[in-house]
Amino acid sequence: MHPFAYEAPGSIDEAVALLDKHGDRARPIAGGTDVLVQARANRWDLDAIVDVKNIPELTQISHYPDGSVSIGAAVPCYQIYEDQKIRDSFPGIIDAVEMIGGIQIQSRASLGGNLCNSSPSADGICPLIAYNAVCHIAGPGGDDDHRDVAVEDFCTGPGSNVLGRGEILVSLVLPNPGANFGAAYERFIPRNEMDIAVAGAGVSVKLNDAGDTFEAARVALAAVAPVPLVVPAAEAALVGNPVNDATIEAAAAAAADAASPISDMRGTIDQRKHLSGVLARRMINKAVERARG
Amino acid sequence: MVATFEPKSEYKVIGTRPIRHDGLDKVTGRAIYGADIKLPNMIWGTVLRSPHAHARIKSIDTSAAEAMDGVHAVVTNADLPKAENKMVDLGEGATNLKWAVDNILASDKVLYAGHAVAGVAAVDRYTAEEAARAIKVEYEVLQSATNVEDTIASDMPAILDEFVGSPGAEESGHANHVKEFVHEFGDPDSALSDADHVIEAEFGLEMVHQGYIEPHNATAVWDEDGRLKIWTSTQGAFTVRQQVAAVMQLPESKIRVTPLEIGGGFGGKIPIYLEPVAATLSRKAGNVPVKMIMERRSVFEGSGPAAGGKINLKLGATKDGKLVAADSTLRMEAGAYPGSLVGASGMCIYACYNIPNMRITGYDVLVNKPKVAAYRAPGSPQVAFAIETLIDDLCEQAGFDRWEFRRNNAAKEGTRRGDGPIFPRIGMEEVLDAAKETDHWNADLGEPSPGRVRGRGFASGYWFNVGLQSSVNLSLNDDGTVELVEGSTDIGGTRASIAMQAAETLGITAEDVNPTVVDTDTVGFTAVTGGSRVTYATGYAAYNAAIEMIDKLKVRASLLWSIDEEDVQFEDGVFSSKSDPELSIGFKDLAGKLGDTGGPVTSTGSVDLEAAGGAYGTHICDLEIDPETGKTDVVRYTIVQDAGRAIHPAYVEGQMQGGAAQGIGWALNEEYYMSDDGVMANSSYLDYRMPTSLDLPSIETVIVEVPNPVHPYGVRGVGEVPIVPPVPAVGNAIKDAIGIRLREAPMNAGRIVAALESENGS
Amino acid sequence: MTTQVTPGPSRVHVRTTINGNAHEFLVPPYMSLLDTLREIVGLTGTKEGCLDGNCGACTVSLDGRIVDSCLVLGAEIDGKSVETVEGMASAEGLHPLQQAFLEEAALQCGICTPGFLVASKGLLDNEPAPDEHRIRHWLAGNLCRCTGYDKIVRAVQKASAEMSA
Ligand SMILES: Cc1cc2nc3c(=O)[nH]c(=O)nc-3n(C[C@H](O)[C@H](O)[C@H](O)COP(=O)(O)OP(=O)(O)OC[C@H]3O[C@@H](n4cnc5c(N)ncnc54)[C@H](O)[C@@H]3O)c2cc1C
Ligand code: FES
Ligand code: FES
C-alpha cells in the first residue's frame, strides 16, 4: 500500500479542494470498508485519504415535511436502520443496510460509500434505484458547483461512476414514495451473512387504490451486469397490468432475460440468470405485500 | 512388546471438566501468540510472490527495492544455502531437499501463483510491502495445470524437472503423475464379476484450506555465536527445528525454536514457510530480529491446502447384503511437489468395513497449486465421500437398509484394513449402534420452511491416529503441586488433557499440575501436535513421568519411615506401608518433607509409540434446501464418535464440533476456485466461504468410549475423525431432500440448481 | 546506516481514550487501528486474521460500537474512545463473558476469542437477553475455525443469564 496522508476536513469546500488538488491520487474515506481494503490490495496508489466524517452535511439524516428524506453520504448503516422513520417509510432501504457485511461492518459502512464504490454487486444501489433516489453532488467550483444525478444514472462501469475530479457525494435524497407504494430488496448468497451477492433484485411498485393493478414499477438487478441493472422490460411488464401470478411471472422472465452476468468464483452465468428471475419474482411479491400494507 | 492396560470405569480427574490452565491468559488478551512477540531492534519482513501459475524466472532485479528508504535487506533463493538434489527426511517422510528449499523461495521456476520469490525486511511492515512491489521479476510463462484433467493434456510440460524419468512418473505414463502404491488382497476382479450387485462411480473434489484464523508468522534472529533463534506459531517446534536445519544447513544444536501460542493449525502449521526467509533476512540485515506475518491472501495461495482429486470406486455385494469386493483408483492433487497424502487415503478408504477382496491404486498428481499440507485426517474425508456415497447408492439399488448394511459389514477386531494391517479392538460397531440410539436418529425431520424441502443423511468415517515420540518433565513443589513441562504446542486444550493424566496418576487435582509448553532447548524431542496424538502420546509420556515420580516418592517414604522400599505402596493419593498400617502419608504431605530425604524430586517420561488406536465416527445430518435457489441450510447435526476415553469431555466435544463444522464447509461451499490463468480467485475469507455462526445449528455430540487397550487411560485421539463423515453425510442428505446424487464437492447452490434444472429438463 | 524512521507522510497526532485511560501518540497516517493498538500502544490482545474485515479477530469497540480495527485508521480515533479485550476484566475480576468462555470451553486455539468477547459484550451491553438466533446473527462477523460455534453461543447465553440475574 502506498503510504498516504490523512486529511479530515470539516467542510465540503475543504474536502473538494483537497480532492481537486490530488486528483486520482486521493480518495474520500467514509466507513473505509471498501477503500482501505482496495488501497491495501494496491488497486490505486494514493497520496492522501480524505475523511469525510467530520462534514456535517455528510453525516446527517434529515426528514423533510414533504415526506422525503436526505441521508448524508457517510452515515453508517446502523444509523439508518436505527432510524424509525426510515424503517417505517423506506423498508426496502432497511433490507439492504441490514445485510451489508456483519455488525462490525455496519458500524462503519455507509450507503454513500456503497454507491461511490460502484460495484455491480452492491446491495445498497438497487433499492436506491427502486426509491428513485437522487445523488446530491458537490464539486470544487465553489458554492454554485452542485449537481443532482439520479442513482440509476450514477454508475458507469464496475468501480466507476459519474463523479469528476474533486467531486464528492454529499447526500442521497429519497422522495416521498406516497401511498400504495412498496419496495423490497433481496440477494442470493450461499451463506447467511458476510457474503457478496451472487445476484440481487431491488423492486418497487405503486398500485392503484384498489391494490389490484400496477401503476408504476422499478426493477433493478445486482451482480448481473457491469453496473446495477435497471430492467425497463420488467417494469413495462408490470405497469398497467393486474396484480397476479401471470403478470409477475412475465416481469420476472424479463428480468432473467435482461441479466447479462459473467461466471466467476461467486456464481455462473446460468445460475445468475436463473436467480435474477427467482429474486425478481420474490421481490415483486414482497413489494406488493408492502404496498398493500 | 506393546503394553496393554485394563480399563477402569471410575476416575477422579479424567472425565471431569476443569478450566484449562492457559484459559485466563487467552480470555484476557495476555497470551502471546506468534505475531505478538516484540524484540529490541526488531524489523519487519514480507514476501514477494509469483503472479503466475507456472513460469521460468529469467531475472530478479532487487536494486530499486534495496535503494528504498527504510529497507534493510532483500533476499532471494540465491541467499539460501545451495540445496542439493537429494532425498532427506524432514519428519513427514522423505522429500527432495531442493524442492523443500525451492518451496521457501523459488529458484529456477515458480510452480504456482503465490509461490514465494523474494523476501524483504524493512523498518516496518508497510515499508517492506512497498519495497516488495519494487522488485522486478522477469518471467517466461509456461503452460499450467490446476486440476487432474489438465495434467493429462499431452502437451503439459513436467512441473518438476527433477521428476522426469523417475520410476513413479515412468509407471504412470504422465509427466506429472506418480504411481504411489497398489494394495491388493483377495481377488477383487473375480469377486466383482461374481457379485450380485455391482456399482461404480467417479467422485471429484476441489482443494480446500485448513482456514486457521491466525496467519503464519515467524520471527528470527542470529546470536553473535551463530546460533539461530526462532519464535513461531507451529504445531511442532521440533519439526520446525528439523526443517530449518535442513534448509539452512545448520546442526540442530545451533537452532532454538520457541513455540508461541498458536491460532489454529489443523495440519497446516507443520510445514515451514517463513522461518528460513526471516532467518536469511536477519543475517543480511546485520543480525537484527526480523518478524514476518503472512497476509491472508498468501495463506490461501502459498500455504497448505488439502488435496482435491478424482476417485474412482467400484463395490460389489452379494444379494444377501454382504460387501465382497472393492476396487478404487485415487488420483490426488499434491500441489506443485509430491505429497498429496494419498497414502493415508489408501489406509482409510475401506477402513469402516470388512471387505475380503480389495484393491487400491494411488497416484500423486502434480498441479500448479500450493504444495498440499496435512489437514485434519488428511486424505480421509475425500475417500469417505466416495465410499459412503456409493454405499448409500448400492443400498438403494439393491434394496438394502442403509444402516443394516453398514452394521452387517462393519469392521471389527480382526478385520483387514485396505493397506494390510489387521485391526485390534476398534469401535465401529459401537458407534453405529450408538448412532441408532440418538434422539436425532429417532426424531422425524420436522417441517421445512415454506417452499423448501428437507432431507437426512448419515455417514461414517475413520482415522488411524498416530503415536510417535513425546517427552514430559515433572518437578514436584514442596506444597505438593507439580510443574509439568512439555513440548506439544497446545492448540485446543491439551495442556489440560495432559495435566489431567498426570494428576490422575499422581492422585492430585488438575489444578495442582501446572503445565508449560517450552522451547526445543528445554524438553526432550516431541513430535508435532497432529495425528490426534497429543492427548494420547504426550499424555502417555506424562503418565510415565508420573509413575517415575511415584516410584521415587516411594523410596523417599521408605527413607522417612526407615522401612524397605518394597514395603511402600501408593493408592488414591496416599503412600503407605504394606506391613504397618500406622505408616501413611498423603502425596502433598510427603512433598513437604523431601528436604529431609534427599532434596527435590523430578522425573521425566518419554514415549515412542508405534501403535495408536484408530477411531470411528458416524454423523447424522438434516438439511433444508430451497429448490429455486439451491440455498442449503444444515438444520440439525449429530456426531457420534469413539474417543476411547474422553479425558476432558468438553474439549472432546469441541474437537468433534469443530471438525464437523469444517467438514460441513467442505461439503457445501469451500473450494480453491482457480481462474483460467491458474490463480486462486477466491483467496479471501469473503469468497472462501467458511461457515459463520449463522450457518450452523448447535451441533449435538455423543461420545462413545471403547477404551484403547494400548493406552494407560484408554485414549484413542479425537481431533481428526470428525472431519471425515460430513462431506458424504451432507451429500446423502441432499440426495434425500431433492432425489439427486451429487458426486462433485463442494455441493454448492450452483450445482444443486443446475442438477435440478437438468432433471426437470428445462 | 539504514534508517529506523518510518518513511512517508508525517505522523498524525492522536489523543484518545483506550480502556478508560488517556493516550497520546503519533501514528503513521496509513496505519490501521489494529496495528496502532498492537505496535504503538502495545496492546496485542486484539488479533489479526485477515486485514479485510472478514474474520472479526480484530474487533474493538469504538465509541460504543463494535468495529473491525483493521478497517479503521489509527488517525481516525483522535478524540474517540476505544475498548479492547484488555479492558474487559476489572479490579473485581473477569467480566462474566470471560468467565463463561472459560467454563463453557468456548475457546480452543483462542485466537478468535478476544474478538468474540468484545463483540459479545457489544451485544449484551445493548440487548441483555438475546435469543440464540440473535447471538448467532450478531456474531456472524467473527469467524472461528476451531469450535463450530456451539460452545461460544452457549457461553454468551450463560453470561447473559448471569448478567441479568
Ligand atoms: C467484510 C465485508 C463485507 C461486506 N459486505 C457487503 C455486502 O454484504 N454488501 C455490499 O454491498 N457491500 C459489502 N461490503 C462492501 C462495503 O462494506 C460497502 O460497499 C460499504 O457500503 C462501503 O461503504 P464505506 O462507507 O465503508 O465506503 P468507503 O470504503 O469509505 O468508500 C467506498 C468508495 O467510495 C468513495 N467514497 C466514499 N464516500 C464518498 C463520497 N462522499 N463522495 C465520493 N466518493 C466517496 C471512496 O473513496 C471509495 O472509493 C463488504 C465489505 C467488507 C469488508
Ligand atoms: S483482521 Fe480485521 S476482520 Fe480480520
Ligand atoms: S478457537 Fe480457534 S479460531 Fe476460534
Side-chain angles (χ1 to χ4, degrees), chain B residues 17 19-20 22-24 26-33 35-36 38 68-72 123-127 210-215 261-266 285 293 295-296 491-493 648 650-651 653-655 657-662 684-686 690-696 698-699, chain C residues 2-8 28 30-31 35 38-39 42-55 57 84-86 88-89 94 98 101-105 107-114 117 132-133 135-137 139-154:
Chain B
R17 300 174 179 234
I19 286 178
R20 61 193 280 176
D22 52 329
L24 204 53
K26 287 181 178 164
V27 298
T28 52
R30 284 198 297 266
I32 299 297
Y33 288 76
D36 301 337
K38 196 157 195 173
M68 278 171 65
D69 237 11
V71 173
H72 289 233
V123 56
D124 66 18
R125 187 178 187 179
Y126 298 87
T127 309
Q210 293 82 347
Y212 33 80
I213 304 299
E214 178 201 42
E261 295 301 336
I262 167 174
F266 314 110
I293 302 177
E295 328 78 82
R296 176 57 51 186
I491 319 186
H648 192 309
Y651 287 100
E653 292 158 7
Q655 288 290 325
Q657 292 167 328
Q662 289 179 313
S684 72
Y685 279 145
L686 190 60
M690 308 194 323
T692 73
S693 52
L694 206 52
D695 299 319
L696 294 169
S698 164
I699 297 171
Chain C
T2 11
T3 173
Q4 287 289 346
V5 177
T6 303
Y30 47 84
M31 186 179 262
D35 278 351
R38 292 176 53 85
E39 304 302 326
L43 295 175
T44 56
T46 306
K47 301 301 181 196
E48 163 181 336
C50 66
L51 295 185
D52 57 16
N54 280 285
C55 77
T84 72
V85 68
E86 286 95 340
M88 278 181 73
L94 295 180
Q98 293 172 309
F101 269 59
L102 288 179
E103 287 168 6
E104 292 297 305
L107 52 143
Q108 282 176 32
C109 78
I111 197 81
C112 67
T113 307
L117 285 168
E132 176 176 342
H133 185 266
I135 295 170
R136 286 184 180 275
H137 174 253
L139 296 177
N142 292 77
L143 289 175
C144 174
R145 190 61 160 173
C146 298
T147 63
Y149 304 104
D150 184 66
K151 290 182 187 301
I152 295 176
V153 172
R154 278 167 211 271

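Atoms considered below: every heavy atom in the structure, side chains included; atoms not considered: hydrogens, waters and symmetry mates. In what follows, every chain begins at residue 1, and chains take the letters A, B, ... in the order their sequences are listed.
The part of B:Ala31 that comes within reach of chain C is its backbone (N, CA, C, O), which places non-hydrogen atoms under 4.5 angstrom from that chain. Only the side chain of B:Tyr126 comes within less than 4.5 Å of a heavy atom of chain C; its backbone N, CA, C and O stay farther away. B:Leu24 touches chain C through backbone and side chain together, each having a heavy atom under 4.5 Å away. For chain C, no part of B:Ala660 is nearby; none of its heavy atoms comes within less than 4.5 Å. Only the side chain of B:Asp124 comes within less than 4.5 Å of a heavy atom of chain C; its backbone N, CA, C and O stay farther away. For a residue to count as touching a neighbouring chain, one of its non-hydrogen atoms must lie under 4.5 Å from one of that chain's; by this rule C:Leu94 touches chain B with the side chain only. Looking at C:Thr147, only its backbone comes within 4.5 Å of chain B, counting heavy atoms on both sides. With a 4.5 angstrom heavy-atom cutoff, C:Leu107 touches chain B via backbone and side-chain atoms both. Looking at C:Leu117, only its side chain comes within 4.5 Å of chain B, counting heavy atoms on both sides. Interface residue C:Asp35: only side-chain heavy atoms are found under 4.5 Å from chain B.
Closest of all the heavy-atom pairs between B:Thr28 and C:Gln98 is CA-NE2, 3.8 Å. Residue C:Thr44 comes nearest to B:Ile32 through the heavy atom pair OG1-CD1, 4.4 Å, listed as atom of the first residue, atom of the second, then distance. Minimum interatomic distance between C:Tyr149 and B:Leu696 (heavy atoms only, all atoms of both residues): CD1-CD1, 3.7 Å. C:Cys109 and B:Ile262 make their closest contact through CB-O, 3.4 Å (heavy atoms, listed as atom of the first residue, atom of the second, distance). Residues B:Tyr685 and C:Gly49 approach most closely at CE1-O, 4.1 Å, considering heavy atoms.
Between chain B and the options C:Ala140, C:Gly45, C:Cys112, the largest number of non-hydrogen pairs under 4.5 Å is found for C:Ala140. When each of B:Arg17, B:Arg30, B:Lys38, B:Glu295 is scored by its heavy-atom pairs under 4.5 Å with chain C, the top score falls to B:Lys38. Interface summary for chain C: among B:Gly23, B:Gly264, B:Gly265, B:Gly654, the most heavy-atom pairs under 4.5 angstrom belong to B:Gly654. The residue among C:Ala57, C:Ala89, C:Gly148 with the most heavy atom pairs within less than 4.5 Å of chain B is C:Gly148. Listed options B:Gly659, B:Ala661, B:Gly658 were ranked by heavy-atom pairs under 4.5 angstrom with chain C; first place goes to B:Gly658. Options C:Arg154, C:Glu39, C:Glu104, C:His137 differ in how many heavy-atom pairs under 4.5 Å they form with chain B, and the most are formed by C:Glu39. If you tally non-hydrogen atom pairs under 4.5 Å between each of B:Asp695, B:Thr127, B:Ile19 and chain C, the highest count goes to B:Ile19.
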Self-check item: CA sep, side-chain torsions, deciding dist, call: B:Ser698, C:Arg136, side-chain contact (heavy atoms from CB on, under 4.5 Å)
Solution: CA-CA 10 Å; B:Ser698 164; C:Arg136 286 184 180 275; 4.0 Å; yes

Practice problem: Could you walk me through whether C:Glu48 and B:Arg296 pass side-chain contact (heavy atoms from CB on, under 4.5 Å), step by step? | Solution: CA-CA 10 Å; C:Glu48 163 181 336; B:Arg296 176 57 51 186; over 6 Å; no

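Between C:Ile111 and B:Glu261 the shortest side-chain heavy-atom distance does not fall below 4.5 Å. The shortest side-chain heavy-atom distance between B:Gln657 and C:Cys146 does not fall under the 4.5 Å cut-off. The side-chain heavy atoms of B:Lys26 and C:Leu102, taken from C-beta on, include no pair separated by under 4.5 Å.
Judged purely by atom type and a 3.5 angstrom limit, C:Arg145 has no side-chain atom pairing as donor or acceptor with the backbone of B:Gln662.
Distance CD1/B:Ile213 to CG/C:Leu143: 5.0 Å, rounded to 0.5 Å. C:Ile152 CD1 to B:Ser693 OG: the interatomic distance, rounded to the nearest 0.5 Å, is 8.0 Å.
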